[in-house]
Asker: 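The structure is given below, and queries will be raised subsequently.
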Amino acid sequence: MIRLDFARSVSAKKTENLTKERFDQTLDSAYVKSLCEEIAAETDHNRRQELKLKLEVFLWNAHYPTGHRCNADAVPSGLIMLDFDHTEEHPREIFARVNEKAKEHGMVAAHISASGAGLHLIMPVPDGMSMKEAMNYYECVLQLPKPDERCKDLARCSYVVPRDHFLYTDEEVLWGDKELKKVVPTPEELALLEEKSKVKGLKSKVKRSKSNDKGQAVVKVEDVDGIPLKTIVEALEKVLCSSPSCGKPEEGNRNNFYFMMVANIIKICQNRDVLLQTIPDYGLDEEERKTVLSSSTLENCKEGDSTLLNRAIKLARDVVEDEKEDLPPAMPEELPDLLRLLVSKTPKQCKPAVANAVFAGLSTYLYKVLFRLPSNEYVEPKILAILIAHTRSGKSAVNKPLDYILSRIRKNDAIARQKFDEWAKECRKRSSAKDKPQRPDVYWQEVSADSTMPALLDRLIQANGHYLFMRMNELDDLRSLGNSLNNTAYVGKLLRKAFDNDMQSAERKSAEGMTGMAEMRLNIAASTTENQAINFFDNRFSFSDGTIARLSTATIVKNENEEFVYGDYDEEYAKALEPYIDRLCATHDQTVECPEAFTICKELIKEWEKKVSLTQDEVLGDLIHTAITIAYFKAMILFIAEGGWSEKIEKIFRWTVEYDLWVKQHFFGAKLAQAQKGIYTQPHRGKQNLLEQLPETFTLDQARDVRMKNGLDGRVKQQIANWVFRGFIRKDENGSYTKLAS
């Protein structure tokens, strides 16, 4: 009998054994049936996701003897869940088409998803195959749509559904003594699988909208294995133009050239409407192109391999990869609950920026809270969030989430300010100092962006260890903190003090002047454009004194193809946020430990130090430790706010490091490199791995040449010694060096 588990929610780490009684109880639950009906009827995506979170989940892919849901503790069940969602066919139609053949291959269960739009098939993992290979196998053999690739994860789950959603169950395998079918792929199936995998992207994703203005069906191809079809067409055009057998589409050759384009593209997209829309006309009119498309000769071109198409796909993939290099790392799709809530009303292209800025507000609630770093230092979390993006790119998207985060602080601030104003008003009525009332013991945390340093220092003293929060729509607002106009070097010093919690003091000769000393406890959320950011820090200190490293940076990449629409911020949003703020407020005067975050922090330091060692990238080396510390702060804030650790927090932790480093290198890399060497003039994108540029066995002179080709000096011995120490290479008896397996 198969051992299966279930969990109380999609994010729950604790698992329980799934018995037949528990399975039947779930399928016959009126609550599950009602909730799934509500999910299916809901049109708002975010609301639908919130409803799904109320459902328990089945864990088909693995059993967890320890009761802890993680891949490390997973014992494979021998099953794989194939998840087909948002397909063109109705789930029942797909099942009817593959039912008999799926049963022949040992199908254990099949059910429609909670939303009613997807199909889940529970199949045995074929003998000798990985989860990924099993997905490809069934996609090919059963002629299925492409399943969700995330199902290769052992911890992957599916929401529970009522009995009328189940299309098939083999109860003798699930609960009886019947053995799970051992699926052994036949040579013919393996050959078919190999043939299908020769050229990636032989199936294109096609969407059909209902109609255009003229009532005609409109067909749109999204991509071919992640590559836009238009990019493949452009690449094929270049390949054919350079081919001696085809040449350029000149007069007398246009018809033949168009036929060659169609004959190749039809292998990956057989919809003639799409071909007509996507392939250029090369001077042919519509009737001439339709004549080519209706040619019976094209039917013989649909199957089989094509060297020209393979070259075009490779060229197109290279183009896409080159374009990706200019984009920041994508934010994980599955977010921790708090972060998912905070960005739920945000346009997609602004979500990373909002996910960065909100931590400046969240961190302000923590009072005298310490985190332990791998260096064994105990530090308080603080966030100096800077958003760098073009004008009219949506920088204001961070404002609403911060407003809701800070609402509780603002209520307290309003009371404190009122008491302070009443005291100040009373003081102005009395001329004698001895008659003036005692200053009330109040503080407020949100301070104005145009505060002067004496005013800020006064607020810090009164706050008595509480963090202040400052929001700036323009980075230039920081200049008001300087001790003279445009003194950004002084502002940089204040930013470093804020991150390091150093002392800030002021001494005045007169009794009326502000005199005092306090630790800088200040969280910042600022916005600026690229030119303003570079100009603001463009002095002989800012790019060499660690100021940039201490910033938590983000950007917005505009996408004209994405709809830029905000969701509705309402009472429901505010109410959902309250439990997280409650946990932050309740955490004070203590050291918070999280073994998972601490371990990942140490792993990230090793991973990035290894990358620095292999690339000799001094700019990256100066940035990594602080970037990891900032990401550690964010992960720990999520850990506190959500009341526990999760894999989703780990993904955000790792992504935040990579994302922050990308933004810093993208906008400030050239300046940082110039501050070190004075030799870089182009934007610094990070250097290439020096060891990978060397042969398997190499000499000291070859290593020196590689350094110099990459813009480094010729001093290679320290680098070699470092590589030997880290186990990347060994020194041979003849004085050469050999790479070791990493």
Side-chain angles (χ1 to χ4, degrees), residues 321 323-336 338-340 342-343 346-363 381-390 393-395 397-398 401 499 523-528 530 533 548-559 562 597 600-601 603-605 607-609 611-612 615 617 619-639 646-669 672 683-687:
E321 290 302 317
E323 290 175 351
K324 285 181 180 177
E325 290 180 3
D326 288 329
L327 296 176
M331 188 168 69
E333 291 185 10
E334 295 186 353
L335 300 176
L338 172 56
L339 216 51
R340 177 183 55 79
L342 289 172
V343 304
T346 305
K348 184 177 179 181
Q349 52 200 295
C350 300
K351 289 183 187 293
V354 172
N356 180 64
V358 293
F359 286 99
L362 295 170
S363 183
K382 72 286 293 185
I383 302 293
L384 308 176
I386 307 294
L387 170 56
I388 308 168
H390 293 297
S393 61
K395 294 192 290 293
V398 304
F499 189 84
N523 291 314
I524 291 175
S527 299
T528 185
E530 178 179 352
I548 301 299
R550 289 167 169 83
L551 305 178
S552 175
T553 56
T555 189
I556 296 173
V557 178
K558 293 187 71 174
N559 188 338
E562 287 179 3
I600 293 167
C601 193
E603 290 176 359
L604 285 168
I605 291 172
E607 290 172 12
W608 285 94
E609 282 184 341
K611 185 172 182 178
V612 170
T615 61
D617 191 337
V619 171
L620 185 63
D622 287 346
L623 297 174
I624 56 170
H625 287 276
T626 313
I628 293 170
T629 298
I630 294 169
Y632 180 56
F633 290 159
K634 295 178 181 180
M636 290 295 288
I637 291 168
L638 288 172
F639 168 71
S646 69
E647 290 183 9
K648 294 177 183 178
I649 298 178
E650 177 181 343
K651 290 178 181 178
I652 281 293
F653 189 174
R654 294 181 179 277
W655 168 77
T656 299
V657 177
E658 189 177 359
Y659 180 83
D660 184 42
L661 290 171
W662 186 94
V663 176
K664 285 171 179 171
Q665 288 190 315
H666 181 78
F667 291 111
F668 302 120
L672 291 168
H684 187 81
R685 307 293 180 150
K687 300 176 185 175

Asker: I need the L362 CG to F633 CZ distance, nearest 0.5 Å.
Answerer: 14.5 Å

Asker: Do you know the tightest heavy-atom contact between A627 and L661?
Answerer: CB-CD2, 3.8 Å

Asker: Evaluate the side-chain proximity of K351 to L335: yes if any heavy-atom separation is below 4.5 Å, no if none is.
Answerer: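 No; the side chains remain at least 4.5 Å from each other.
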
Asker: Taking only residues two or more places apart in sequence or in another chain, which ones pass side-chain hydrogen bond (donor to acceptor under 3.5 Å, both in side chains) with R550?
Answerer: D500

Asker: According to side-chain hydrogen bond (donor to acceptor under 3.5 Å, both in side chains), who are the partners of K395, at least two apart in sequence or on a separate chain?
Answerer: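 Scan of K395 (side-chain hydrogen bond (donor to acceptor under 3.5 Å, both in side chains), adjacent residues dropped) gives none.
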
Asker: Compare every heavy atom of C350 with every heavy atom of S393, then report the nearest pair and how far apart it is.
Answerer: O-SG, 4.1 Å

Asker: Output yes when K611 and E607 qualify as a salt bridge under the 4.0 Å nitrogen-oxygen rule, no when they do not.
Answerer: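 Salt bridge flag = no for E607 with K611.
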
Asker: Which pair of heavy atoms, one from S363 and one from P381, lies closest together, and at what distance?
Answerer: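 S363 and P381 have their closest heavy atoms at OG-O, 3.3 Å.
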
Asker: Determine yes or no for a side-chain-to-main-chain donor-acceptor pair under 3.5 angstrom, with K382 supplying the side chain and N523 the backbone.
Answerer: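 Between the backbone of N523 and the side chain of K382 there is no qualifying donor-acceptor contact (under 3.5 Å).
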
Asker: Would you say that V657 contacts Y632 through its side chain, given a criterion of any heavy-atom pair below 4.5 Å between the two side chains?
Answerer: no

Asker: With a 4.5 Å heavy-atom cut-off, do P352 and Y659 have their side chains touching?
Answerer: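 In contact.
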
Asker: Would you find a donor on one side and an acceptor on the other, under 3.5 Å apart, between the side chain of N356 and the backbone of S552?
Answerer: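 Checked: pair present.
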
Asker: From I637 CD1 over to I649 CD1, what is the distance, rounded to the nearest 0.5 angstrom?
Answerer: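 Those atoms lie 11.5 Å apart.
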
Asker: How long is the straight-line distance from CG of L604 back to CD1 of I624, given to the nearest 0.5 Å?
Answerer: 10.0 Å

Asker: Kindly say whether P329 contributes a backbone atom to a donor-acceptor pair with the side chain of W655 at under 3.5 angstrom?
Answerer: yes

Asker: Atom CE of M636 and atom CZ of F653: how far apart are they, to the nearest 0.5 Å?
Answerer: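 Output value for this atom pair is 9.5 Å.
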
Asker: Does the pair F499 and I630 meet the rule for a side chain to side chain contact (heavy atoms under 4.5 Å, CB included), with working shown?
Answerer: CA-CA 10 Å; F499 189 84; I630 294 169; 3.8 Å; yes

Asker: Check whether any side-chain N or O of T555 sits under 3.5 Å from a backbone N or O of I388 as a donor-acceptor pair, and report yes or no.
Answerer: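 Present.
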
Asker: Side chain to side chain contact (heavy atoms under 4.5 Å, CB included) for L339 and V358? Distances and angles first, verdict last.
Answerer: CA-CA 9 Å; L339 216 51; V358 293; 4.0 Å; yes

Asker: Is L672 close to D622 at the side-chain level, that is, under 4.5 Å between some pair of heavy atoms?
Answerer: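 Not in contact.
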
Asker: In Å and rounded to the nearest 0.5 Å, what is the CD to CG distance from Q665 to D660?
Answerer: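 The CG atom of D660 is 10.0 Å from CD of Q665, to the nearest 0.5 Å.
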
Asker: List the steps, then state whether side chain to side chain contact (heavy atoms under 4.5 Å, CB included) holds for W608 with L620.
Answerer: CA-CA 9 Å; W608 285 94; L620 185 63; 4.1 Å; yes

Asker: Quick one: list whatever passes side-chain contact (heavy atoms from CB on, under 4.5 Å) with T656, sequence neighbours left out.
Answerer: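 side-chain contact (heavy atoms from CB on, under 4.5 Å) list for T656, sorted by chain: A631, K634, I652.
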
Asker: Roughly how far, to the nearest 0.5 Å, is the NZ atom of K648 from the NZ atom of K651?
Answerer: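 Result: 8.5 Å between the selected atoms.
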
Asker: Identify which one of I628, T629, I600 satisfies the side chain to side chain contact (heavy atoms under 4.5 Å, CB included) criterion when paired with I605.
Answerer: I628

Asker: Among V663, I556, V354, find the residue that satisfies the side chain to side chain contact (heavy atoms under 4.5 Å, CB included) test when tested with L387.
Answerer: I556

Asker: Less than 4.5 Å apart, any side-chain heavy atom of T553 and any of F667?
Answerer: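 No, too far: nothing below the 4.5 Å cut-off.
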
